[in-house]
Every structure is written in C-alpha cells, then in structure tokens.
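Take a look at the structure below.
Chain identifiers are assigned alphabetically (A, B, ...) following the order of the sequence lines, protein sequences preceding nucleic acid strands; residue numbering begins at 1 within each chain. Being a predicted model, the structure only gives us computed values, none of them experimental.
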Amino acid sequence: MAIQNDQFKKIVAHCKEYGFIFQSSEIYDGLSAVYDYGPYGVELKNNIKQYWWQSMVQMHENIVGIDAAIFMHPKTWKASGHVDAFNDPLIDNKDSKKRYRADVLIEEYMEKIEVKINKEIKKAHKRFGDSFDEVKYRAENPRVAKYIANHADIGSQLASAMSNNDMVTLKGIIEELQIACPVSGSRNWTDVRQFNLMFSTQLGNVAGEEGKLYLRPETAQGIFVNFLNVQKTTRQKIPFGIAQIGKAFRNEIVARQFIFRMREFEQMEMQFFVAPGEEMKWYEYWKDTRLKWHKAIGTPEEKLRFHKHENLAHYANAAVDIQFNFPFGFKELEGIHSRTDFDLSSHQELSGKKLQYFDPVLGENYVPYVVETSIGCDRMFLATLSNAYEEEIVPDAKGNDSTRTVLKLNPAIAPVKCAVLPLVKKEDALTKKARAIFEDLRFSFNCQYDEKDGIGRRYRRQDAIGTPYCVTVDGTTLEDNTVTIRERDSLEQIRVPIEKVEQIMSDRINMKKLFL
RNA sequence: GCGAAUAUAGUUCAAUGGCAGAAUUCCUGACUUCCAAUCAGGGGAUAUCGGUUCGAGCCCGAUUAUUCGCUCCA
C-alpha cells in the first residue's frame with residue numbers, strides 16, 4: 001500500500017511537471033477537486049476520446065453520436081429522479097462525527113411525541129373502559145391537546161422550512177427542540193447544509209424558481225430526451241445506440257484522489273435502445289465488448305475486473321462496473337447498466353410526449369429498454385497514465401545504470417507521435433535537414449523538433465511524455481538520405497530512407513490496429 | 001463536512017526569533033556524432049491575511065490548498 005501510494009504521488013507529480021494536468025486556479029491556491037489539462041494532457045485526452053468515439057460510433061453502423069447541451073430543461077432532472085433523490089438537508093454532530101438528515105431528526109422527534117400521545121390514550125382507555133371516547137379525549141384532555149398542538153406546530157415549521165429550503169430555520173428547530181445526537185447524546189451541531197449533488201445556476205436575470213437551471217450531473221439525459229429526434233432523422237431501427245462525450249458536474253461531498261473524483265468531469269456514454277425482454281442479452285454483449293476495448297489499448301487483463309452491483313440504483317435492473325487497479329486500489333472505471341425503460345417512460349410521463357418505437361417485426365409500439373455503457377474520460381486518462389508510467393533502469397553513455405522515467409503509452413494515443421532530432425546542434429547542415437523532415441511530418445501527425453542538449457537527454461525528455469518514436473538525423477543522413485527511428489520501449493533503432501518515414505510511422509500509430 | 005498533520009525556488013530539501021541557502025530544473029554560452037556528459041554565467045521561493053515582537057520562514061489566530069483517517073457515493 002505504501003509503495004502504491006508512493007507510485008501514485010510520483011504519477012501526480014509527473015503529470016504536473018510534464019504538462020499533463022495542473023490544479024485549477026493554482027495561482028490563487030487552487031480550487032478543490034478541479035483540475036486543468038495541460039498541453040500534453042489535452043492531446044492524450046483527445047486521443048482517448050477519439051479511440052472511444054471511433055470504436056463506438058464509426059465502427060458500429062447502428063450507433064450514432066450527438067452533442068447535447070449541458071443546460072437542460074429543469075423537468076429533465078425531475079424525470080430522471082435526480083431532484084428528489086439527491087436533495088437533502090444534512091447536519092453533523094461535532095462530538096460523534098455522525099451525519100444526519102436534519103428533516104429526519106425532526107421527524108424522529110415528532111414520532112416521539114406521537115408515542116407519548118398514544119401512551120396517554122392507551123392509559124385513558126384502560127381507565128375509562130368501554131365508555132372511552134378517543135376523539136373527545138384527544139380534543140379535551142389538556143395534556144394530549146398540548147402534545148397534538150406541539151406536534152402540528154413542529155410539523156408545519158418543518159414543512160415550511162423544507163419547501164423554502166430554509167436551512168437556518170431547520171437548525172433553529174433542532175436547537176429549539178433540544179434534539180440530541182442519538183450516538184453522542186450531545187447537542188453540539190454544525191449548521192444545516194443542503195446537500196445537492198447538482199450544481200444550480202440561473203437562466204437569464206430573473207430571480208426565482210422559474211429561472212433555476214442545473215448543470216447536468218450525467219450526459220445520459222441529453223440522449224434520452226433526443227431519442228425520437230435521432231431515431232427518426234437517422235432512420236435507425238431497434239436495436240440501436242446513441243453516443244455522446246461531454247462534461248458533467250457533481251457536487252461531491254468528498255472529492256479526492258486527484259482526477260479520479262472531480263466536481264467537473266467528462267463522460268463517454270452510449271445508450272443502447274433494445275426491445276423489452278432483450279435487455280439482458282445486450283447487457284452481456286456490452287460487458288464483453290467494453291472489456292475488449294480496454295484490453296485492445298493495452299490495459300493488462302489482471303488490472304481489470306468486473307464488479308457487480310448488489311444495491312441497484314432506482315433506474316436499473318442490472319449493473320456492473322469495470323474496475324481498474326489504480327495505484328490506490330481497484331476502483332470503478334466504467335459502468336454498464338441495464339436501465340430498463342425507466343428514463344424514457346419517466347420523460348414520456350412528465351412531458352406528455354410519446355417516446356415509443358413502432359416495431360415492424362412485432363407490429364406494436366413500445367417504450368424501448370436501455371443498456372448503458374458509461375465511462376469516465378478522466379478516469380480512463382488516469383488509468384491509462386497509471387498503467388503507462390514506469391521507472392526503468394537502463395545503461396547510460398558509460399554503461400552504468402541510470403533510471404529513466406517513461407510513459408509506455410500505446411502509440412495510437414500518445415500525445416506526440418514523433419520527435420525529429422539533429423544529432424548535434426552546431427552543424428547547420430544537420431539542423432536544416434532535420435528541420436525539413438519535421439516540417440513535412442507535421443502534416444501527418446503531432447511532431448516535435450528539438451535540438452537542445454545532448455541526444456540522450458532529448459530521448460529522455462520524449463520518454464517522459466510518452467513519444468513512441470524519435471527520428472534522428474546524423475552525418476550519414478547527409479550522405480545517403482537515411483535516418484534512424486528510435487523506438488521508445490525497446491530503445492532499438494532502425495535505419496530507413498527519409499521518404500519511408502511517414503509511411504512507417506503512419507502504420508505504427510494507426511488506431512485501426514486496435515479494432516482488428 | 002468533521003478530526004489530525006503539512007505548506008520555503010518549477011522540483012527535492014536546508015536555515016537557534018537576527019544576511020533566506022544548496023542540489024536539481026530552467027535560460028545563455030563553450031564543448032560534444034546516439035541514451036539524463038562537462039565547464040562558465042544567469043533567473044527563480046517563505047501559500048494568503050492579520051497579530052505578538054526592536055526584529056517573524058520560525059511564535060499565535062484566521063483563510064486557502066494538500067495528505068491521512070472518519071463520513072458519503074448513481
């Protein structure tokens with residue numbers, strides 16, 4: 001564990017040092033759980049997105065893409081269940097460090113009053129026997145009446161505070177009633193805070209509930225609300241899928257472990273619409289297909305595993321995670337969920353618009369079932385980087401051991417594909433030649449030209465950002481127009497004619513290989 | 001969110017309450033024909049705000065961030 005955490009620290013430091021990831025707003029001391037992608041980070045991330053998009057959309061005739069807006073109609077989140085399921089007033093007891101829902105604490109207090117009322121009634125019933133009139137007793141007995149009034153009073157205060165989202169009043173009620181923590185018995189409470197997973201903002205300048213908008217907590221809903229638009233305009237027939245890559249926002253209680261859990265993050269989601277009853281077949285298909293995707297990019301099988309959900313979310317009838325063995329342990333990387341017809345049905349109900357598909361084979365209308373694959377782009381980035389990061393012992397110029405830090409990224413997703421290096425800087429003929437090769441290769445892929453420092457140091461610099469190939473221009477180049485291509489992982493060099501470099505490189509970095 | 005710890009140069013680490021220093025990185029130059037070479041020169045820091053003190057990197061308080069534990073997790 002200690003070794004692994006050490007490894008994780010090194011990866012985080014490497015990300016910063018080599019321009020992959022910076023903390024957001026660093027000059028202002030940073031913003032918690034928000035990170036920026038640097039020059040190499042954005043290249044790698046874009047390549048990961050491209051790999052996903054090509055494998056899902058380009059390679060599946062029955063999957064199409066969309067790019068829905070981050071802002072959506074507020075009713076969307078009512079339909080999806082996000083508004084109701086994740087909107088709780090929370091309070092902590094400072095002594096027991098236990099967290100409670102403030103409204104539940106008050107409700108529990110009210111229940112205790114009810115118990116007292118019932119006790120009184122029971123006692124009276126015993127005393128008066130068959131002649132006991134409960135309704136009359138409730139109304140006329142002063143002690144019971146007081147309890148009932150108190151109960152009603154608290155109830156209305158609670159209801160009004162809840163509907164106004166008034167956290168101060170909620171805290172006030174708890175203080176006034178002297179509610180104590182069931183664990184510590186103390187009344188040492190924090191303020192009541194609203195925990196809402198969703199970030200809200202407002203549309204226009206109009207204050208009030210109408211203008212309130214949420215930043216989407218998942219991209220999936222943009223797909224669901226566009227289900228019919230897409231199905232009709234692309235003439236897709238079930239089964240078919242809609243894919244989307246986009247930002248999502250979640251107000252996590254704790255956001256830690258670098259880019260693993262961020263408040264603003266990017267999802268790559270695909271919702272696959274199937275006939276009711278077919279969902280488990282497709283669920284298995286996508287489990288299998290997605291695992292293959294991970295393995296094809298070079299993630300070793302032993303670092304991946306399925307993790308079945310025992311407690312299912314409100315929308316699902318089956319759910320499994322693909323977990324990756326991060327430096328801090330196996331954690332969720334991708335989710336594959338059978339979402340039933342929950343979302344489409346819910347939107348259909350709330351919008352009053354039919355979201356159904358006429359199945360020509362069955363000759364009937366139905367609300368399709370959905371199988372979702374949802375992968376965190378940033379988590380994939382972290383997984384890829386964790387897997388690629390290595391410190392190796394290699395011989396230096398004198399044959400002694402030296403360590404090199406290298407990112408063994410799959411060439412297809414490496415930020416820079418190729419560095420063009422003149423062996424020495426001082427000879428104009430070499431630098432000129434190298435420069436010309438660079439100017440040509442840059443049309444085909446992301447290249448760098450570097451003439452500073454010794455050749456060994458330049459190789460190491462490229463290793464550190466995961467550049468798979470270095471083209472070196474030396475004295476022989478000037479004689480016969482050949483260069484060496486140095487391979488990152490093996491350190492081996494091959495000598496090839498300049499005019500063949502572009503083709504050789506293109507073959508080696510081609511993403512096509514990953515799909516075969 | 002609670003508790004504890006931490007915060008000095010891009011990075012790693014020094015500095016008894018009294019001149020903020022080194023290594024490395026970076027920039028410039030010399031030398032150098034294949035895996036972090038060498039030499040010379042240069043740039044660069046006390047997280048933020050306040051307090052105590054003749055004087056604060058060091059003591060005190062707050063804030064921010066990070067790490068660890070708890071808590072939460074679709």
Under a 3.5 Å limit for both distances, which nucleotide forms a Watson-Crick or G-U wobble pair with [N], could you say?
N	answer
B/rA37	none
B/rG42	B/rC26
B/rC31	none
B/rA56	none
B/rG21	B/rC13
B/rU48	B/rA62
B/rC2	B/rG69

We want to know whether [X] and [Y] form a side-chain donor-acceptor pair, criterion being a heavy-atom distance below 3.5 angstrom.
X	Y	answer
A/Asp343	A/Ser346	no
A/Glu279	A/Ser338	no
A/His82	A/Gln221	no
A/Gln271	A/Glu372	yes

Quantified in whole Å, what is the [atom1] atom distance between nucleotide [N] and nucleotide [M]?
N	M	atom1	answer
B/rC39	B/rU32	C1'	12 Å
B/rU16	B/rC59	P	11 Å
B/rC58	B/rU8	C1'	11 Å
B/rG43	B/rG3	P	46 Å
B/rU46	B/rA36	P	35 Å
B/rU25	B/rG10	C1'	7 Å
B/rA22	B/rA9	P	15 Å
B/rU48	B/rU66	C1'	15 Å

[N] [atom2] sits how many Å from [X] [atom1], rounded?
X	N	atom1	atom2	result
A/Arg250	B/rC72	CZ	C1'	14 Å
A/Ile455	B/rA36	CD1	P	11 Å
A/Asp453	B/rA37	CG	C1'	11 Å
A/Arg404	B/rA36	CZ	C1'	12 Å
A/Arg495	B/rU33	CZ	P	16 Å
A/Arg379	B/rA74	CZ	C1'	11 Å
A/Asn251	B/rC72	CG	C1'	13 Å
A/Glu26	B/rA7	CD	C1'	13 Å

Close approaches to RNA chain B from residues 460-476 of chain A, in residue order (heavy atom, under 4.0 Å):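 Residues of residues 460-476 of chain A under 4.0 Å from RNA chain B: A/Arg460, A/Arg461, A/Thr472, A/Asp474, A/Gly475.
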Please determine, for the side chain of [X], which listed nucleotide ([options]) has the closest atom?
X	options	answer
A/Gln23	B/rA74, B/rC34, B/rA65	B/rA65
A/Tyr459	B/rC34, B/rU28, B/rA74	B/rC34
A/Lys16	B/rG10, B/rC34, B/rU33	B/rG10
A/Thr405	B/rA74, B/rA36, B/rC27	B/rA36
A/Tyr35	B/rA74, B/rU66, B/rU33	B/rU66
A/Arg457	B/rC26, B/rA65, B/rC34	B/rC26

Assign A/Gly30 to base, sugar-phosphate, or nothing according to its heavy-atom contacts below 4.0 angstrom with the strands shown.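 Sugar-phosphate only.
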Under 4.0 Å, counting only non-hydrogen atoms across every strand here, what does A/Lys10 touch: a base, just sugar-phosphate, or nothing?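 No contact at all - A/Lys10 keeps every heavy atom at 4.0 Å or more from the nucleic acid.
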I'd like to know if [X] reaches the base of [N] with its side chain, counting only an N/O donor and acceptor under 3.5 Å.
X	N	result
A/Arg486	B/rC35	yes
A/Arg458	B/rC35	no
A/His82	B/rA74	yes

On the nucleotide [N], are OP1 or OP2 found under 4.0 Å from the side-chain N or O atoms that [X] carries?
X	N	value
A/Ser32	B/rU66	yes
A/Lys425	B/rU33	no
A/Lys9	B/rU67	no
A/Lys426	B/rU32	yes

Reference residue A/Leu407; test side chain to side chain contact (heavy atoms under 4.5 Å, CB included); the match among A/Arg488, A/Gln462, A/His14: A/His14
Testing A/Leu478, A/Val473, A/Asp474 one by one against A/Thr476 for a side chain to side chain contact (heavy atoms under 4.5 Å, CB included), which residue passes? A/Asp474
Parallel, tilted or perpendicular: which describes the rings of A/Phe273 and A/Phe224, with under 30° parallel and over 60° perpendicular?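 Perpendicular.
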Give me the ring orientation class for A/Tyr37 and A/Phe381: parallel if the planes are under 30° apart, tilted from 30 to 60°, perpendicular past 60°. perpendicular
Using heavy-atom distances to pick each residue's nearest nucleotide on RNA chain B, tell me which of A/Gln493 and A/Glu17 is more 5'.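 Result: A/Glu17.
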Taking the six-membered ring of A/Phe249, is NZ or CZ of A/Arg263 closer than 6.0 Å to its centre and within 45° of its axis? no
Looking at the rings of A/Phe328 and A/Phe326, which for Trp means the six-membered one, are their centres under 6.0 Å apart? yes
Applying side-chain hydrogen bond (donor to acceptor under 3.5 Å, both in side chains), name anything that partners A/Glu391, two or more places apart in sequence or on another chain.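 Testing A/Glu391 for side-chain hydrogen bond (donor to acceptor under 3.5 Å, both in side chains), a comparison that skips the adjacent residues, returns A/Lys10, A/Tyr389.
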